[in-house]
Amino acid sequence: MRFVSWNVNGIRACVKKGFEESFSNLDADIFCIQESKMQKDQLKLDTPGYHQYWNYAIRKGYSGTAIFTKQEPVSVKNGLGIEEHDQEGRLITLDMGDYYFITVYVPNSQNELKRLDYRMKWEDDFREYVSGLSKEKPVIICGDMNVAHKEIDLKNPASNHHNPGFSDEERGKFQELLDAGFVDTFRYKYPDQKDIYSWWSYRFNSRENNAGWRIDYFLVSDYVQDKIVDAKIHNEVYGSDHCPVELEIDI
């Protein structure tokens, strides 16, 4: 099975930059997007052979997630089931029968970490949610998790320490999630790979200079880590300030 996740930073804008061609070329069994930034009926995407599931933010032009899957799921759930967290369209869970598949757009802590306290609450509730599911059957999580875990995961760790996405608190919560029984699939396959990122600022020619961050992930329940075939970061694909990430797994 091949899965792809991409923060498109506005699906309507990304469509104008070649989204449908990239979608077709990547040919995933399940393809997920984050930060769709749209409401229902603002865009009709033609994806033959795929079932579409969307979770929209209440606030217009903000956040949002979607999943396109060739196999119809047993059931679909939007959100965590916690009202505080379920206003921004950040989570979709598919029950695929043999496993759970989740796409997530983790809240950004924002400038000067002004939303950090909320982010910490989200992290704890999300970890509890996915840990519970993983006790039932394997869980695959993908999405923009808005954190670079280790110094190897961003170009300039020293100057970004304590900034949103690389604060000690955010990195600590990501480690807690891994410690709860999940594996970062890219680092599982490529523990020492440097200079490979999934997001670049639009400023300072960051992408041209490869001054990026790896903040988009596929995680899996640790008891199926031996089924990971490969993990890829498609930094050759443009259309957003993020690039798609991929997981191939015998699940």
*Can you tell me which residue pairs pass the side-chain hydrogen bond (donor to acceptor under 3.5 Å, both in side chains) test with a partner in residues 204-213, sequence neighbours excluded?*
Trp200-Asn210

*In terms of hydrophobic clusters joined by side-chain contacts under 4.5 Å, are Phe186 and Val224 together?*
yes

_side-chain hydrogen bond (donor to acceptor under 3.5 Å, both in side chains) partners of residues 214-223, not counting sequence neighbours, each pair once_ = Ser134-Ser221, Asp153-Arg214, Asp184-Arg214, Ser198-Asp216, Asp216-His242

*asked:* Within the 3.5 Å criterion, strictly below it, is a donor on Tyr190 or Asp230 matched to an acceptor on the partner's side chain?
replied: yes

*Out of curiosity, Lys189 NZ to Leu247 CG, how far, rounded to the nearest 0.5 Å?*
10.5 Å

*Around atom NZ of Lys137, are there more than 12 heavy atoms of other residues, nucleotides or ligands at under 6.0 Å?*
yes

*Does Glu84 have any side-chain hydrogen bond (donor to acceptor under 3.5 Å, both in side chains) partners at least two apart in sequence or in another chain, and if so, which?*
none

*Pairwise ring pair (Phe, Tyr, Trp, His ring centres under 6.0 Å) hits with a residue in residues 127-160, at least two apart*: His149-Phe174

_With rounding to the nearest 0.5 angstrom, report the CG to CG distance, Asn55 to Asp86._
7.5 Å

*When rounded to the nearest 0.5 angstrom, what distance separates CG in Asn160 from NE2 in His162?*
11.5 Å

*Identify, with sequence neighbours excluded, every residue that meets side-chain hydrogen bond (donor to acceptor under 3.5 Å, both in side chains) alongside Thr185.*
none

*asked:* Checking Asp168 now: which residues fulfil side-chain hydrogen bond (donor to acceptor under 3.5 Å, both in side chains) with it, not counting sequence neighbours?
replied: His161

*Of all residues at least two apart in sequence or in a different chain, which pass the side chain to side chain contact (heavy atoms under 4.5 Å, CB included) check with His51?*
Tyr53, Thr69, Glu72

*Side chain of Asn146, backbone of Gly165: donor and acceptor closer than 3.5 Å?*
no

*Got a sec, which pairs hit side-chain hydrogen bond (donor to acceptor under 3.5 Å, both in side chains) with one end in residues 38-49, sequence neighbours left out?*
Thr47-Gln52

*How far does CG of Asp125 sit from CG of Leu91, to the nearest 0.5 angstrom?*
11.5 Å

*Who are the side-chain hydrogen bond (donor to acceptor under 3.5 Å, both in side chains) partners of Arg127, not counting sequence neighbours?*
Asp124, Glu176

*Can you list the residues that meet the ring pair (Phe, Tyr, Trp, His ring centres under 6.0 Å) rule with Phe19, with sequence neighbours excluded?*
Trp6, Phe23, Phe31

*How about Glu128: does its CD atom have over 12 heavy atoms from other parts shown lying under 6.0 Å from it?*
no

*Which pairs pass ring pair (Phe, Tyr, Trp, His ring centres under 6.0 Å) with one or both residues in residues 89-111, sequence neighbours excluded?*
Phe3-Phe101

*SB check Glu123 Arg119 (cutoff 4.0 Å)*: yes

*asked:* For the CG atom of Asp250 and the NZ atom of Lys227, what is their distance to the nearest 0.5 Å?
replied: 7.0 Å

*Aromatic plane relationship, Tyr118 with His85 - under 30° parallel, 30 to 60° tilted, over 60° perpendicular*: tilted

*Among all residues two or more places apart in sequence or in another chain, which pass the salt bridge (Lys or Arg N to Asp or Glu O under 4.0 Å) test with Lys70?*
Asp27

